[in-house]
Amino acid sequence: MTAAHVCRVVTAGIRVHFVGASRSRIWLLFTMITPVVYALVALYLLNAARRPDTLPEAAVSAGLMGVWSSVLFGSGTAIQDMRFRGTLEPVMVAPTPFSFALIPVAVSSSAIGLYSMVATVLCGAAFFGTPLDYPAPAALLFALMVCLFATGMMGMLLATTFVLMRNANAVVNTLDHPVWMLSGTIMPLALLPGWLHPLSWILPSTWGAEAVHRALAAEPVAWPATLAVLTGLVYLGLSLLALRHVEHRARVTASLALA
């Protein structure tokens, strides 16, 4: 398989998934409305508590929540849609590796989640006067891109496991808030019990969120960004290994549609 073929497959997959997601009402609710509501509530509470210095971080944190929701919901619904439409089996047995069908899901879900970041920041500026002159905009943009990559790789690993689940939506509904808390998105990790910290350290989104928060404070982001990329690559490797098991099970037991 040539590099040009891979690029065409991934590009077509991103376009198909993006168009399909933009026509889903429940997808639009989770990615375009829910993060804005969370942001407005947080900004209102902080503004009422007379803590204007925390408003920019609250707006960005709400955007990070939206990114994870988009990736989590996108990875779950993509596999479910393939199963319900009867396209999961043909995609699985096609000559093109199945991983090239999951990479567009992770990439497009992360890209759609970027809307949440922009929307929450702009809402904070429009309704609460949150300043947009960040001290290190280049570092913040770099940290956001790293966070999107790290979170997308988590979504790809989840999508791999969702192939084996008959109703992935049940898992999606339970993983939203725990990952928010474990990643330090909505609260500092120092407030969590010590025995939960190792669970936070193995999540790529933890280091991605840490890089974003450091960029907001004009602090160095190289260390958390590096850890976010490394853990994201580990998750990518785990997802490729899991796919080998999934494909073997699908071909041997012929039970993919009933998984």
Side-chain angles (χ1 to χ4, degrees), residues 28-73 109-152 154 176-192 197 200-201 203-229 231-232:
L28 296 178
L29 174 65
F30 273 96
T31 59
M32 296 188 176
I33 298 178
T34 303
V36 174
V37 173
Y38 284 142
L40 292 178
V41 172
L43 292 170
Y44 174 78
L45 294 175
L46 292 173
N47 188 61
R50 297 183 179 181
R51 299 182 59 185
D53 56 311
T54 59
L55 293 181
E57 185 172 358
V60 173
S61 296
L64 293 177
M65 294 166 61
V67 171
W68 170 241
S69 295
S70 176
V71 171
L72 178 62
F73 189 77
S109 298
S110 299
I112 294 174
L114 186 60
Y115 158 83
S116 302
M117 180 67 64
V118 176
T120 53
V121 170
L122 292 181
C123 284
F127 294 102
F128 297 94
T130 304
L132 297 178
D133 52 338
Y134 299 105
L140 179 59
L141 180 60
F142 170 73
L144 285 175
M145 295 300 103
V146 170
C147 188
L148 290 177
F149 167 78
T151 309
M154 292 178 62
D176 211 358
H177 291 77
V179 173
W180 286 346
M181 292 188 293
L182 290 174
S183 300
T185 301
I186 58 178
M187 58 186 297
L189 294 180
L191 298 179
L192 296 176
H197 289 178
S200 299
W201 298 336
L203 296 178
S205 57
T206 299
W207 304 110
E210 176 67 17
V212 172
H213 290 314
R214 288 197 179 191
L216 287 173
E219 298 177 357
V221 302
W223 177 243
T226 301
L227 289 177
V229 172
T231 52

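No hydrogens, no waters, no symmetry mates; every other heavy atom, side chains included, goes into these values. None of the values given here were measured: they were computed from a predicted structure. The residues of the chain are indexed from 1 along the displayed sequence.
Of the listed residues (Val212, Leu216, Thr130), just one forms a side chain to side chain contact (heavy atoms under 4.5 Å, CB included) with Glu57, and that residue is Leu216.
In this structure His177 satisfies the ring-ring contact (aromatic ring centres under 6.0 Å, His included) test together with Trp180, sequence neighbours excluded. Remark: Thr231 engages Pro204, Trp207 in a side-chain contact (heavy atoms from CB on, under 4.5 Å) (not counting sequence neighbours). Every residue two or more places apart in sequence or in another chain that forms a side chain to side chain donor-acceptor pair (under 3.5 Å) with Ser205 is listed here: Ser183.
Between Met117 and Val60 the shortest heavy-atom distance is CE-O, 3.5 Å. Across every non-hydrogen atom of Ser200 and Leu189, the tightest pair is OG-CD2, 3.8 Å. Here the closest non-hydrogen pair linking Trp68 and Val179 is NE1-CB, 3.4 Å. Looking at every heavy atom in both residues, Ala59 comes nearest to Thr120 through O-OG1, 3.0 Å.
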Side-chain atoms of residues 131-147: list all donor-acceptor pairs with protein atoms under 3.5 Å, sequence neighbours left out, distances to 0.1 Å.
none

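The shortest distance between side-chain heavy atoms of Met154 and Leu203 falls below 4.5 Å.
Within the structure, the salt bridge (Lys or Arg N to Asp or Glu O under 4.0 Å) test picks out the following pairs touching residues 211-224 (sequence neighbours left out): Glu210-Arg214.
Rounding to the nearest 0.5 angstrom, the gap separating the OG atom in Ser70 from the CG atom in Leu148 is 9.5 Å.
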